[in-house]
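A short write-up of the structure that comes next.
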Amino acid sequence: MFFKVLLNLTIAALVLYIVVKFLSMLFDQVTFWVTSLEEKKRRYLLGGFGIFLIALPWLTAGNPYLLRTILIVGIYIILALSLNLIIGFAGQLSIGHAAFYAIGAYTTALLTVSLGLNFWLAFILSFVVAGLFGFLLGVPILRLKGDYLAIATIGFGEIVRLALINGGDITRGPAGIPGIPSPSIFGFVFNDNISWYYFIYLMVVITVIISYNLLNSRLGRGLIAIRDDEIAAEAMGVKPSYLKILVFTLGAALAGIAGSIFASYIHYVNPDSYTYLESVTMLMMVVLGGIGSIPGVIVGAAILAILPEMLRTVELYRFAIYGLLLIIMMIARPEGMISMTSLRGGKKPSWQFLKLGKLLKPSED
Amino acid sequence: MLEVKNLNAHYGAIHALKGISFTVNKGEIVTLIGSNGAGKSTTLNSISGLIKNRKGSIKFEDEEIIKCRTDEIVKRGIVQVPEGRRIFAELTVEENLKMGAYLRNDSDGVKKDMKKVFDMFPRLAERKTQLGGTLSGGEQQMLAIARALLSKPKLLMLDEPSMGLAPIIVEQIFAFIKEMNEKDGLTILLVEQNANMALSIAHRGYVLETGNIVLSDTAEKLRTDDEVRKAYLGEG
């Protein structure tokens, strides 16, 4: 029995390695192709992709499970992009992002259920409240560096989760708050997956636009400069602590939005959805996709949100394979699926496949 | 233009600058020479505000700036090219230059200055869209200087521009420094271990030793001073 499991996992590892290598090359080719397109053609491509996004729910007609997975992917894309602002753009390692997700979700739950407020008001307040917590946390802890900051954010994540469990009558402990109403607008109620799809993916598009504009602004350059070399950035007149707090607040606020959407989509909040593991999953999405790379992070979020669903068929090996994939990803493709540098153009990638010698050595690029 | 009086700086428990005083006049190249650990870089970092733990008086254009933050100091026109170049590796050459203009709001002026530095360093123009990290050492030093120029400095502080570069590149860089001073009247405070090179283009110089200024004179005279020749110019 033991050997059989070992054999199966070894085979799985080899298959995964080949799949990861192949996908990496595919992504390299596609990235190179897209980045070397003319501006005009790239617009057409973007337009085509937009039409695909609009048509997507109709393409999945008859498969509610698939559409539901796509919705969850959308929520994770918002979360991963919001974390990417903090980790990817500002270079600050945060492993407590689920806390802001939770704050957004509970803000919506409390305001709509306990106070009977309109969803849209609660939605905006979730953004504000999560951002406020991000700001209040960011001011004292963003002067910490690297590992110390990471530990502080883990601490914050745990505090929020425990506060929700022990929140007494307000948060109703581990049982959570049920009965969050569906949002409605001008009498139209969001009570099916298709209307939710458009709402969630509108928010995804807005998050993507915010990310791109931030990256290409003076602020974004300042952030990348801080990440590359904080002292040099300061010598240019950048105020590192100011920018870091700003982007931490924005990242937290966007995670709050994701929380608000999730809470009203499943009509229910409880502390189990916002654990440390959830924060780590978000971190993995960013790293796996490519730290700082917006398309990369979207791909990373999609892969890690879909994979557990796909692996349901191999129930017994589900989490073993999930873990194995992460290890293999880090060996075969440490820079992430679509790295930030690959987006900046460069040499035409080759299709040269499988340098097996590299399997045992950490890759140098 | 710059008047430093009784400047003290601390790195943790280390008293790195023990009350140094010196001046830089408009249009001059002034150099601080001295061996490793004498406090040369510390002096520049204290003026630019990168070191917060500093006491004494720093007057720039007759205004006290010792309490100012780095961004305020940059805004007033003191810009530092930090030691070891410190190019932003993940930004393109052009974006690196835009970082130099981070605090400026006159986009037309920035465009004009951008063109000017590209004329001055054609190599950078060729590599405009390349990532900073892919440049050679000499190109990175040019980029570091060009980046500082884009913030429109009145006083440019250069920290070891010769570090780690081939002699022929060092000569090029120093020729640029001299040209900026002569043609554009840019005031320069230059810190160098390569004392020979520094004294060959500077007007005046100060010799630093373990946090104190031990000697100050015109560059000409320092070059012929026996002590300096023995200690810093490698001549017996």
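No hydrogens, no waters, no symmetry mates; every other heavy atom, side chains included, goes into these values. Predicted model only: the values in this text are computed from it and were never measured. Labels below follow one simple rule: chain letters A, B, ... track the order of the sequence lines, proteins then strands, and each chain is numbered from 1.
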Worksheet item: Which one of Gln130(B), Arg147(B), Glu72(B), Lys98(B) has the most heavy-atom pairs closer than 4.5 Å to chain A?
Response: Lys98(B)
Discussion item. Quick check for you: to the nearest 0.5 Å, what is the distance between Phe88(B) atom CZ and Arg221(A) atom CZ?
Written reply: 11.0 Å
Item to complete: Please determine, among Val81(B), Thr134(B), Thr92(B), Leu50(B), the option with the most heavy-atom pairs under 4.5 Å with chain A.
Response: Leu50(B)
Worksheet item: If you count the non-hydrogen atoms of other residues, nucleotides and ligands that lie under 6.0 Å from CZ in Phe176(B), is the total more than 12?
Response: yes
Worksheet item: Crowded around Tyr44(A) OH? As in, over 12 foreign heavy atoms under 6.0 Å?
Response: no
Worksheet item: Measuring from Arg218(A):CZ to Asn105(B):CG, what's the distance to the nearest 0.5 Å?
Response: 5.0 Å
Discussion item. Could you check whether atom NZ of Lys128(B) has more than 12 heavy atoms from other residues, nucleotides or ligands sitting under 6.0 Å from it?
Written reply: no
Worksheet item: Around atom CG of Asp62(B), are there more than 12 heavy atoms of other residues, nucleotides or ligands at under 6.0 Å?
Response: no
Worksheet item: Do side-chain atoms of Asp228(A) reach the backbone of Glu90(B) as a donor and acceptor pair under 3.5 angstrom?
Response: yes
Discussion item. Please report the interatomic distance CD(Glu234(A)) to CZ(Arg86(B)), rounded to the nearest 0.5 Å.
Written reply: 10.5 Å
Practice prompt. Grab the two heavy atoms, one from Gln80(B) and one from Met236(A), that are nearest each other, plus how far apart they are.
Written response: O-CE, 4.0 Å
Worksheet item: Around Tyr206(B), counting heavy atoms of other residues, nucleotides and ligands shown, do more than 12 lie under 6.0 Å from its OH?
Response: yes
Worksheet item: Quick one: CG on Asp229(A) to CZ on Arg85(B), what's the gap to the nearest 0.5 Å?
Response: 12.0 Å
Fill in: Greatest number of heavy atom pairs closer than 4.5 Å to chain A - which of Val79(B), Ile87(B), Leu131(B)
Leu131(B)
Item to complete: Start with the C-alpha gap between Met99(B) and Ile224(A), add the side-chain angles, then the distance that decides, and say whether side chain to side chain contact (heavy atoms under 4.5 Å, CB included) holds.
Response: CA-CA 10 Å; Met99(B) 275 310 296; Ile224(A) 306 268; over 6 Å; no
Worksheet entry | More than 12 heavy atoms of other groups within 6.0 Å of Arg43(A) CZ | no
Worksheet item: If you count the non-hydrogen atoms of other residues, nucleotides and ligands that lie under 6.0 Å from CD1 in Ile231(A), is the total more than 12?
Response: no
Worksheet entry | Choice from Ile78(B), Val74(B), Asn96(B) maximising heavy atom contacts with chain A below 4.5 Å | Val74(B)
